[in-house]
Amino acid sequence: MHRTAKGESMSAITLTTPLERATLAELRAGDAVQISGVIYTARDAAHIRLIELLDSGGELPFDLSGQVIYYCGPAPTPPGQAIGSAGPTTSYRMDPFAPRLHALGLAATIGKGDRSPQVREACRQHGAIYLVAVGGAGALLAQSVTAVEIVAYPELGPEAIRRLTVEAFPAIVAYDTHGNSVFPTDT
Amino acid sequence: MRQIESQTITDAIYEMALSAGYSLPEPVFAALQDAVERETGPARVVLETIVENAQVAAETKLALCQDCGMVVIFAEIGRDCHLNGDLQQAVDQGVARAYRDGYLRKSVLADPLRRDSNTGDNTPAVVHVKLVEGDRISLHLAPKGGGSENMSAVDMLVPAMGRQGVIDRIVEQVVRGGGKPCPPLIVGVGLGGTMEKAALLSKWALMRTMGEASPDPDTAALERDILEAVNATGIGPMGLGGRTTALAVHVEKHPCHIASLPLAINLQCHSARHQHVVI
């Protein structure tokens with residue numbers, strides 16, 4: 001259960017990584033979920049590198065199968081904290097890359113805002129989901145992160161790929177595996 | 001003539017940039033709390049999360065948002081004061097110190113086309129200078145996040161489109177942005193002038209204390225009508241649907257050419273971390 005500021009609660013479905021396709025198929029756009037396990041951060045610069053790597057036949061720095069990519073470039077970690085502020089960035093900038101990664105086994109992405117019809121279709125086609133976290137809630141979302149490790153591209157600073165260990169990370173299903181969208185602007 | 005040391009500017013910028021990183025201005029926080037009461041379902045959960053985030057940020061000294069923005073400064077400089085030193089340098093020193101000490105994210109590239117050219121200290125700030133009466137310096141600071149700035153626009157409308165055309169174009173922009181610019185928004189509008197004047201006015205409009213109406217009754221009425229139209233879109237908090245798409249609309253007008261109707265729309269996310277000080 002996700003406890004909110006007013007003490008109200010919204011029932012949330014627990015997801016554990018790596019994600020099972022059968023579990024994802026049961027989710028519907030609008031469902032509240034809480035993710036526990038491991039998620040990987042990657043945003044603009046890291047995606048460019050990943051795609052260049054694929055184009056040149058290289059091996060990705062982590063196995064995509066059943067995994068979650070979080071579009072996030074965290075703030076620096078202050079002393080005594082697991083991570084700095086760590087909310088989602090806008091997803092549409094990664095739209096050109098997402099279908100290809102889903103085809104390689106990526107099970108979910110987390111970001112904010114609506115996306116291209118191609119990403120929604122890729123989710124349907126590959127049994128994957130797109131989740132949204134609350135943008136501008138980076139301090140609160142950081143409380144769900146228990147450990148951080150840089151996996152690739154440390155020279156990219158906030159844009160490096162990080163492996164986050166998360167506990168009950170709250171998100172909402174935006175695109176489900178059936179082609180539904182939570183956004184009223186999507187038809 | 002009143003003398004002002006550049007160190008005074010640096011210290012003021014440092015304090016404002018740090019506060020902006022962790023704390024929302026009171027009117028913004030209050031407006032978000034009020035908005036919670038108007039919403040149900042996911043919209044309510046989103047707003048409650050935003051309110052809770054502000055409390056957590058203040059307690060933990062973690063930045064409100066990991067996008068700690070590019071710093072925009074409006075400096076209104078009294079013509080009867082003399083600044084000893086370079087304004088841009090004084091501002092940048094304050095920004096660099098605050099972003100280092102505050103563990104705020106450095107998001108500025110020296111070359112827009114080079115992903116590996118992060119300046120490492122979130123400088124330079126974008127500094128706008130205006131000469132005014134008196135011997136004081138008024139400094140407005142706004143860390144501007146990429147998400148909402150990306151959904152902003154300048155459009156040169158045809159004069160015949162008129163008042164309704166302006167409202168429609170702003171609504172179109174907000175709908176196009178959907179959840180991407182992190183609604184609930186504050187919509188800054190620059191109307192009139194020339195292309196660059198309109199753009200500057202739309203940013204200046206965001207420096208006004210949130211929710212304060214324009215002193216000009218006609219403009220204030222336009223602000224109310226735009227706000228109503230924007231909230232009628234149903235985009236809602238983070239684009240998930242709801243009544244609260246914008247918390248406020250601020251319009252700044254300027255005289256313009258008979259052939260023109262320049263319109264700039266600068267969207268501000270709900271993390272409206274603005275600070276102001278008078279030296």
Side-chain angles (χ1 to χ4, degrees), chain A residues 2-10 12 29-30 32 44-46 48-49 72-81 83-93 111-115 132-143 153 155-159 170 172 174 182-186, chain B residues 21-22 33 36 41-42 44-68 99-100 102-107 115-116 118 120 145-147 150-151 175-183 233-242 269-271:
Chain A
H2 173 58
R3 201 135 294 275
T4 65
K6 295 279 174 185
E8 291 177 9
S9 57
M10 181 170 155
D44 309 66
I48 294 167
R49 299 251 183 131
C72 171
T77 308
Q81 309 268 3
I83 194 170
S85 189
T89 192
T90 321
S91 308
Y92 79 102
R93 299 195 311 274
K112 68 176 168 86
D114 56 310
R115 312 190 63 173
V132 288
V134 176
L140 186 61
L141 290 168
Q143 308 306 310
Y153 318 134
E155 67 279 11
L156 293 178
E159 296 203 66
I172 294 168
V182 74
F183 299 107
T185 41
D186 281 334
Chain B
Y22 311 123
Q33 280 184 311
V36 171
R44 190 182 176 102
V45 174
V46 167
L47 289 170
E48 284 172 343
T49 302
I50 293 168
V51 167
E52 190 180 353
N53 181 68
Q55 291 157 344
V56 170
E59 283 163 22
T60 59
K61 293 283 179 213
L62 282 177
L64 282 159
C65 179
Q66 78 290 339
D67 185 350
C68 304
Y99 276 67
R100 182 197 60 201
Y103 296 89
L104 303 176
R105 199 182 76 185
K106 291 82 178 168
S107 311
R115 304 298 311 178
D116 59 354
N118 195 308
N150 282 348
M151 295 299 129
V175 170
R176 204 185 291 172
K180 296 188 273 292
C182 285
T233 60
I235 298 281
M238 294 314 295
L240 299 178
C269 63
H270 60 74
S271 207

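In what follows, every chain begins at residue 1, and chains take the letters A, B, ... in the order their sequences are listed.
- Every residue two or more places apart in sequence or in another chain that forms a side chain to side chain contact (heavy atoms under 4.5 Å, CB included) with A:Cys72 is listed here: A:Thr41, A:Tyr70, A:Pro74, A:Ala86.
- A donor-acceptor pair under 3.5 Å links the side-chain atoms of B:Arg105 to the main chain of A:Gly73, judged by distance alone.
- For A:Thr77, the part sitting under 4.5 Å from any heavy atom of chain B is the backbone (N, CA, C, O) and nothing else.
- You'll find the side chain of A:Pro76 stays beyond 4.5 Å of the side chain of B:Tyr99, heavy atoms only.
- Scanning for side chain to side chain contact (heavy atoms under 4.5 Å, CB included) contacts around A:Arg93 gives A:Arg43, A:Asp44, A:Thr89, A:Thr90, B:Asn150, with sequence neighbours left out.
- Counting heavy-atom pairs closer than 4.5 Å to chain B, the top residue among A:Gly111, A:Gly87, A:Ser91, A:Gly84 is A:Gly87.
- A pairwise comparison of heavy atoms in A:Tyr92 and B:Met151 identifies OH-CE, 3.3 Å as the closest pair.
- Between B:Tyr103 and A:Ala75, the shortest heavy-atom contact is O-CB, 3.7 Å.
- Between the OH atom in A:Tyr153 and the CZ atom in B:Arg115 there is a gap of 14.0 Å [rounded to 0.5 Å].
- Most heavy-atom pairs under 4.5 Å with chain A, from the set B:Cys269, B:Ser271, B:Ala63: that is B:Ala63.
- To the nearest 0.5 angstrom, B:Asn118 atom CG is 12.5 Å from A:Glu155 atom CD.
- Between A:Ile83 and B:Leu62, the shortest heavy-atom contact is O-CD2, 3.7 Å.
- Closest approach of A:Gly136 and B:Cys182 over heavy atoms only: N-SG, 4.4 Å.
- In terms of heavy-atom proximity, A:Leu140 sits nearest to B:Asn53 at N-OD1, 2.8 Å.
- Taking both residues in full, the closest heavy atoms of A:Pro184 and B:Gly234 are given as CG-O, 3.8 Å, listed atom of the first, atom of the second, then distance.
- Contact count versus chain A (heavy atoms, under 4.5 Å) is highest, among B:Gln66, B:Lys61, B:Glu59, B:Lys106, for B:Gln66.
- With contacts defined as side-chain heavy-atom distances shorter than 4.5 Å, the pair B:Leu64/A:Ser85 does not qualify.
- Listed options A:Gly113, A:Ala137, A:Ala174, A:Pro158 were ranked by heavy-atom pairs under 4.5 angstrom with chain B; first place goes to A:Ala137.
- Contact of the B:Thr60 side chain with the A:Gln81 side chain is registered, since non-hydrogen atoms from C-beta on lie closer than 4.5 Å.
- Across A:Ala45, A:Gly157, A:Pro79, A:Ala142, the residue that shares the most heavy-atom pairs under 4.5 angstrom with chain B is A:Pro79.
- For chain A, the nearby parts of B:Leu240 are the backbone and the side chain; heavy atoms of each come within less than 4.5 Å.
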